[in-house]
S.K.: 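Please find one structure pasted underneath; my questions will follow.
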Amino acid sequence: LRRYKVLGSSNSDSDLFSRLAQILQNGSQKSRSTTQCKTPGSPHNPKTPPKSPGAPRRSPSASPRSSSLPRTSSSSPSRAGRPHHDQRSSSPHLGRSKSPPSHSGSSSSRRSCQQEHCKPSKNGLKGSGSLHHHSASTKNPPGKKPQSPQSCIRPAAARAQFESRQVSVAAVVRWIERSTQSLEGNPGEAAVLSALQPLRKEFVPFLLNFLREQSSRILPQGPPTPAKAPGASAALPGRPGGPPRGSRGARSQLFPPTEPQGAAAAEAPLARPVATLSRTKPSRRINPTPVSEERSLSKPKTCFTSPPISCVPSSQPSALDTSPWGLGLSPGCRSLQEEREMLRKERSKQPQQSPNPTCPTPELGSSLPSRAGSLPDEPADPARVSSRPRLELVALVYSSCIAENLVPNLFLELFFVLQLLTARRMVPTKDSDLELSLGGVDSLESPLFQSIHDCVFFAVQVLEHQFQVLSYLDKGTLKLLAENERLLCFSPALQGRLRAAYEGSVAKVSLVMPPSAQAVSFQPETDNRANFSSDRAFHTFKKQRDVFYEVLREWEDRHEEPGWDFEKGLGSRIRAMMGQLSTACSHGHFVRLFQKQLLQMCQSLGGAGGTVLGEAPDVLSMLGADKLGRLRRLQERLVAPQSGGGPCPPPTFPGCQGFFRDFILSASSFQFNQHLMDSLSLKIRELNGLALPQHEPSDEDGESDVDWQGERRQFAVVLLSLRLLAKFLGFVAFLPYRGPEPPPTGELQDSILALRSQVPPVLDVRTLLQQGLRAGRAVLTVPWLVEFLSFADHVAPLLDYYRSVFALLLHLHRSLVLSQDSEGEMCFMNKLLLLAVLGWLFQIPTIPEDLFFLEEGQLDAFEADTVASEHGLDSVPVVDQQLLYTCCPYIGELRKLLASWVSGSSGRSGGFVRKITPTTTTGLGAQPPQTSQGLQTQLAQAFFHNQPPSLRRTVEFVAERIGSNCVKHIKATLVADLVHKAESLLQEQLVPQGQEEGDPVQLLEILCSQLCPHGTQALTQGREFCQRKSPGAVRALLPEETPAAVLSSAENIAVGLATEKACAWLSANITALIRREVKAAVSRTLRAQGPEPAARGERRGCSRACEHHAPLPSHLISEIKDVLSLAAGPRDPDEGVSPEHLEHLLGQLGQTLQCRQFLCPPAEQHLAKCSVELASLLVADQIPILGPPAQHRLERGQARRLLHMLLSLWKDAFQGPVPLQLLLSPRNVGLLADTRPREWDLLLFLLRELVEKGLMGRMEIETCLGSLHEAQWPGDFSEELTTLFNLFLAEPHLPEPQLRACELVQPNRGTLLAQS
Amino acid sequence: MILTKAQYDEIAQCLVSVPPTRQSLRKLKQRFPSQSQATLLSIFSQEYQKHIKRTHAKHHTLEAIESYYQRYLDGVANNGAAPVLLELANEVDYAPSLMARLILERFLQEHEETPPSKSVINSMLRDPSQIPDGVLANQVYQCIVNDCCYGPLVDCIKHAIGHEHEVMLRDLLLEKNLSFLDEDQLRAKGYDKTPDFILQVPVVMLCPLAVEGHIIHWIESKASFGDECSHHAYLHDQFWSYWNRFGPGLVIYWYGFIQELDCNRERGILLKACFPTDIVTLCHSIA
């Protein structure tokens, strides 16, 4: 727990303090003269129960008033009622801030009050201190031990004053909150308090530190929760109840960074490193402002600080060192030594001074052996509480501070209180400690918690006050709380309320979105060539996209491997890729991809970001879920880290976010960073300004619920996106300024400030925040702003600009008083979310620790900004429990803490241990309905992936509206009809009953019992309505060019979504709706509207009847090739083809050419060429024919038949050119040369047929033949060739016209062939 | 046709140093009668290509070329009708078509003033009758028609096979009433990477033993056997790129693939050897 710095006032204050102390002492019933000078005495409680032997420890005198108050009245308001208000208003002391300032204060004090006056009062946002009637005398927490006397004097004085009963608790809180102005009702109080004005600011930090310190003995064995511990004792080394040694070990676990005690260090040189570290961390520590010399001695003590570092409790302290947030740990050796010395001195004194032990040590001491670890938990007994009134009083003050948001972090305090509740046992005080506490120190110094009983009592007291907040926690936490036997024992009433809250808590249906396809889809509108300056840029980006995903995949596969290092594994590849992004335009494209991918992977509600840090799902609540989901969640749970890093974990990049962070770091490209910041800023502005649909408050009908769910969901998505973007923006923007070195101080800091203050902020968050506040949209703006600021470096918060941002946030924080719930105010859960995130922010190490208490004075400047608009988002219940826990997973630490208590004490409450029953795999196959349902959802998600985003928006919009309209429609038709029926039934009922004046309630029941069953028709009709309406709407809204299939799918999805939405609402509410309407019908007449006709959607179908049984072209080519290769040789003697095969082949070729289904131009081309070669082989009789060895040749007739087939194929079947001139190429004609005896008639036949069929022109052939002579041939062959030539020429010419016609038809076939 | 790695290795083992000829194929078919011929041919072709890639360089040294050319000249001088070039190729364990190209290039260098351009050579290989030397033309032709792994004819056959399977796939899609954009449409729209088909409305493919199905956005048809080497190349050049843009999809290796390669299902790349039968489409009435 972070320790808070007590803000310094000037030295002169000390005079004031001592004066006050005296006054207070006089007023107290007992005072110890010896200690007066040191600690202005706190009154002793006369009523200290005899049990606590430590007579000196005074519990504040229980005032009659306080003691007389029933506890219940003091406990905090139930959700509905607002006791706070009531109580407040009933308290005569509580003036509203609006009332004029009291005159009681001295003028000077009043002035100071006004200066410090914080805005809440002006706004009237919070009522005056909401201390219940307990306002009775307050005494202040007793045992603070001054570290250096003076350091504690001041706050002690204040507390003492309260204890002295001169002032009511309510007055005190109001005073703390906004000075004495509010005390006009009680001049006496005002007078007293105004005198203490300078101490005002210090009170809360003091109180918090005090409590932490007091608890130090009690929380030794806590669960290994990395709680920030109350290390207040650091400030008070000499305190009496010094840290018991037993506490050390355990305590350092519990409160790693805090262990402030010099005592601890001294006693245990082996004190955990954590402890040492923490003390050496001045920044985290609460440094009481040195008021005097002595005080300076105590300066180095640490305050309890947030463990900025995710300190895994019992784990490596080294983790602290590696914190990236620059928590420079300056060695505090010197001061440590000093403190040890002091401690020793004190110790040596103590034995003599204090004879009697104060606390209920007997039991503790006797029952607890040395090793705490193995001991059973100490039972807590309400009967043995040592000083109830005093504890009640402190609890009241403390709770009031919490209620008024005077503490920085609500949940941290709750965590602390739960720690107290679940403390295992109190560490036995050493004799010396006890003695110490008695001697030399006044009663104020006696421990507040003298036993576990005290501790639990106190915790339960506070919990009672905080019931309202508790009731909003998740079911699991509520259950654990309600089952906590200590709580039951100490406050059955509270237990009852918690149980009721648990039972009433609506289990939130998980909104987990199925993980969408993981890559950003390619959208031609933004991604095609037209969006790039050059082909090169286009293709470069194409490659980059692939490299990016390659890197991403590798990261997914390997980042969990031990020893794998992002930079080593991927760094160079990333940089090489970034290096290619030459043009600015390419950077823009890449950043867009990067950002979209980031959103896609990390933003989903159930996405990795959520699960990793998120709450482990409650297995018990999964019982109803389908087995698959259960298994998946079981897996998640097993995989998820056990602890999220305590109640205030530092900002982290869980899950996939780590990839993007590391990518940015490895890329280390300033261009990329700049483009990324630009893009993130733009997107943030865009989303932040998104006009989220607002709930219409005027809609009295229940069906607006239908809209709400969608609205909440949309809000959640936008909010989570914003947070993610802002986190990365903050990360990149402050990256250059962050480093491991400790924050600069002094002059160095000044010069840095001067430099930085002239740099404009990367995004004008202040303006956005102001606008957000003004527009009542804080619930949207603040959460992302917090993410952004959580990455600020040490200097940023000191800049004027960011200071003012913080001032606004602080102001807002104060104004979020949960107990106030007035019209137009922010909703409870909205407030809770803001409180949680702001509280978390205030604990971030780089945020100055004193900021929370310091900035108060500056608030006025911004007061005007917070006039919230009436109907902003803030007043709409957009935040639900799931969103709260998703945004603030650390709230789940409360549950972990409680659960660890249960597991630790399972002996007593065996039933509480959660067991995960693995689901057997047997039943998995047998769930077709669910499976197919899931598949459909998955498919619908996938469907949108590659469509333009507008398609999805349209469909969702249509579904949302139609679904909503459907409900209205049902109401207007079915329900209206039923109402008509009701009216006539009513008549029938009334007539017979006549004068009987039947009981209206009974009548209603009768009517409803008759009519409500008809409600089931609503579902059918609702389905019909959606079916009817959605398609048309979708079609009207989508571009006309949308492909039919896409359109119809979009329509169907819209129908499905709308139906789902409408039916979900109808099935849940139709009965109630009918009831309500019928009820109304009893007294008035309703009209119904006729049903509307609607257009009918049409269906598309496509049937293509075509049987493509022809052989495949590839097969034919392959077959022909085989023949060719056989012919070309070499071949085995037994190889050959049968004439039938050849014929069959040509027949197939004909079929293929006819069907053409599978034919592509190149294939046809090759087929043509092959067929020509085949013809040449036939002509030359070169095809080896299977058969008797004697005749390996085709018969003439067969050859002619085959040639005929070819000729007709060429003529009719081929559509492309056929290279017929190849028939007369020297190579093919040359084939004839090898045949003996040469047979020319087939060639002549072929040529004639070619001419006859008009496949080749006579002239063309003649040219070819002519050119054949140019080749070199054997002499006899040349002669025969010439003969052939002459023969062909001698042929009678075909009638010219026919030839002409052929040539005209296919004029340039030859030319084409030549080119092919 | 989906082979385990072990089965595949057994086949591949038999293919070492087998020349890509008709006769080799015939023997191979006899050796593995249970495998489909197309699958065998595809595997053989791929294995042979791998082999050629590995040894390609050694045949292209100046010395090697000179030596081959000289042997060719000697051979044809001895007997122009003998399959000199083909035998040479088989003897030195090189693809006949590639050997033909090598010798043709060398021949043209010697006989032409200007070194032959690639397109001229390709054209001559497609139509050997353009080769000025008749003997060489015959030798080249013989190499080409006898080579079942390389050469213009083989290229054409492969191309035709690829095309035919795309057509088949398209028909199946039409038959199933799944609408899609094909490669040409995608290119026209300016997509930078274009699978064979993008489904306009995705489907889910159910797998026999798994409860959950796989979303399919795109389908790529591969008319070849999916071995490690080609699959990895495809993954890098195509499949992942498709995934990066369009999400998960399906690859159909019509001639089968090595079972072990189908390991990216969860990631979104699914392998099949045929068109999936168990497909779930977006229902027309969800609720």
Side-chain angles (χ1 to χ4, degrees), chain A residues 517 519 521-522 524 527-530 538 542 545-546 549-550 628 924-925 931-932 935-936 938-940 942-943 945-946 1023 1043-1046 1049 1052-1053 1055-1056 1059-1060 1063 1101-1102 1104 1112-1114 1117-1118 1121-1122 1124-1125 1128-1130 1157-1158 1160 1162-1163 1166 1222 1225-1228 1230 1271, chain B residues 22-23 81 83 86-87 127-129 134 137-138 141-142 145-146 152-153 156-161 163-164 167-168 171 174-175 177-179 181 189-193 198 200-204 206 211-213 215 217 240-241 243-248 267-268 280-287:
Chain A
S521 80
F522 180 95
D527 295 346
N528 72 12
R529 167 67 183 87
F538 178 57
K542 173 175 83 179
R545 180 193 288 261
D546 289 331
Y549 284 112
E550 186 184 306
L628 279 180
L924 285 184
T931 305
S932 66
L935 284 182
Q936 290 299 318
Q938 223 182 335
L939 266 174
F943 166 65
H945 178 64
N946 285 332
R1023 263 187 210 108
V1046 174
S1049 289
N1052 289 319
I1053 292 174
V1055 169
T1059 311
E1060 188 182 301
C1063 287
C1102 158
R1104 183 159 167 171
L1112 294 174
S1114 59
I1117 302 174
S1118 190
K1121 174 172 170 281
D1122 276 351
L1124 297 181
S1125 70
Q1157 163 78 354
F1158 295 102
C1160 61
H1166 271 87
L1222 280 183
S1225 72
R1227 208 181 72 76
N1228 282 331
Chain B
R22 213 170 58 242
Q23 293 85 348
L86 184 62
E87 282 172 0
D127 177 12
S129 53
N138 283 333
Y141 181 78
Q142 193 174 38
V145 293
N146 274 292
L153 263 178
C156 174
I157 292 171
K158 284 182 180 167
H159 180 271
I161 291 176
H163 175 76
E164 288 154 12
V167 173
M168 270 162 39
D171 284 353
L174 289 171
E175 192 180 302
N177 228 345
L178 303 175
S179 55
L181 295 172
K189 287 187 166 212
Y191 282 78
D192 59 356
K193 284 280 188 175
I198 287 186
Q200 284 181 316
V201 181
V203 298
V204 164
L206 297 176
V211 177
E212 295 185 25
I215 295 269
H217 280 287
W240 285 130
S241 295
W243 184 93
N244 297 342
R245 289 156 178 79
F246 317 114
R267 270 273 168 78
V280 179
T281 53
L282 204 48
C283 281
H284 281 214
S285 56
I286 290 178

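A note on names: the letters A, B, ... follow the listed sequences, proteins ahead of strands, and every chain is numbered from 1.
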S.K.: Can Y549(A) and W240(B) be said to form a side chain to side chain contact (heavy atoms under 4.5 Å, CB included), step by step?
M.R.: CA-CA 8 Å; Y549(A) 284 112; W240(B) 285 130; over 6 Å; no

S.K.: Given a strict heavy-atom distance threshold of 4.5 Å, which part of S1118(A) is in contact with chain B: side chain, backbone, both, or neither?
M.R.: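 For S1118(A), the contact with chain B is made by backbone and side chain together.
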
S.K.: For F538(A), enumerate each residue passing the side chain to side chain contact (heavy atoms under 4.5 Å, CB included) test, keeping only those at least two apart in sequence or located in another chain.
M.R.: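 With neighbours one apart ignored, the set is R529(A), F532(A), D192(B).
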
S.K.: For S1114(A), does its backbone N or O pair with a side-chain atom of E164(B) as donor and acceptor, under 3.5 Å?
M.R.: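 It does hold such a pair.
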
S.K.: Are F1158(A) and M168(B) side-chain neighbours, meaning at least one heavy-atom pair lies under 4.5 Å?
M.R.: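 Sidechains of M168(B) and F1158(A): in contact.
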
S.K.: Test salt bridge (Lys or Arg N to Asp or Glu O under 4.0 Å) on R1227(A) and D127(B); report intermediate values, then the result.
M.R.: CA-CA 10 Å; R1227(A) 208 181 72 76; D127(B) 177 12; 5.9 Å; no

S.K.: How close do A1128(A) and Q142(B) get, counting heavy atoms only, and between which atoms?
M.R.: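 Scanning both residues, the minimum pair turns out to be O-NE2, 2.8 Å.
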
S.K.: Under 4.5 Å from any heavy atom of chain A, what part of E87(B) do you find: side chain, backbone, both or neither?
M.R.: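 Contact with chain A is absent: no heavy atom of E87(B) under 4.5 Å.
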
S.K.: Using side chain to side chain contact (heavy atoms under 4.5 Å, CB included), reason through S129(B) and N1228(A) one step at a time and then give a plain yes or no.
M.R.: CA-CA 8 Å; S129(B) 53; N1228(A) 282 331; 6.0 Å; no

S.K.: Between V167(B), L178(B), L181(B), who has the most heavy-atom pairs with chain A when the cutoff is under 4.5 Å?
M.R.: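 Among V167(B), L178(B), L181(B), the one with the most close pairs to chain A is V167(B).
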
S.K.: Mind checking the NZ-CZ spacing from K542(A) to R245(B)? Nearest 0.5 Å is all I need.
M.R.: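 So the gap between those two atoms works out to 7.5 Å.
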
S.K.: For chain A, which candidate among A81(B), P83(B), S241(B), P152(B) shows the most heavy-atom pairs at distances under 4.5 Å?
M.R.: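 Among A81(B), P83(B), S241(B), P152(B), the one with the most close pairs to chain A is S241(B).
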
S.K.: Measure the spacing between NZ of K1121(A) and SG of C156(B) and express it to the nearest 0.5 Å.
M.R.: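 Rounded to the nearest 0.5 Å, the NZ-SG separation comes to 11.0 Å.
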
S.K.: Hey, could you give me the CG/CG distance between L1124(A) and L153(B), rounded to the nearest 0.5 Å?
M.R.: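 With rounding to 0.5 Å, CG (L1124(A)) is 7.0 Å from CG (L153(B)).
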
S.K.: Just how far is it from atom CD1 of I1117(A) to atom CD1 of I157(B), taken to the nearest 0.5 Å?
M.R.: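 Output value for this atom pair is 6.0 Å.
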
S.K.: Side chain, backbone, both or neither: which part of Y141(B) has a non-hydrogen atom closer than 4.5 Å to chain A?
M.R.: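 When you check distances to chain A, only side chain atoms of Y141(B) fall under 4.5 Å.
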
S.K.: Step by step, would you call N528(A) with K189(B) a side chain to side chain contact (heavy atoms under 4.5 Å, CB included)?
M.R.: CA-CA 8 Å; N528(A) 72 12; K189(B) 287 187 166 212; 5.9 Å; no

S.K.: Chain B heavy atoms under 4.5 Å from P1113(A): which part of the residue, side chain, backbone, both or neither?
M.R.: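 It is both, since atoms from each part get that close.
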
S.K.: What part of L86(B) is in contact with chain A, defined as an atom under 4.5 angstrom from a non-hydrogen atom: side chain, backbone, both or neither?
M.R.: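 For L86(B), the contact with chain A is made by the side chain alone.
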
S.K.: Is there side-chain contact between N146(B) and P1130(A), with at least one heavy-atom pair below 4.5 Å?
M.R.: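 The answer is yes, as the side chains (C-beta and beyond) meet within the 4.5 Å cut-off.
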
S.K.: Taking all heavy atoms of A1045(A) and all of Q200(B), pick out the closest pair and write down the distance.
M.R.: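 It is CB-OE1, 4.0 Å.
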
S.K.: Counting heavy-atom pairs under 4.5 Å with chain B, which one of G1230(A), P1043(A), A530(A) comes out on top?
M.R.: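 Of the options given, most contacts go to P1043(A).
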
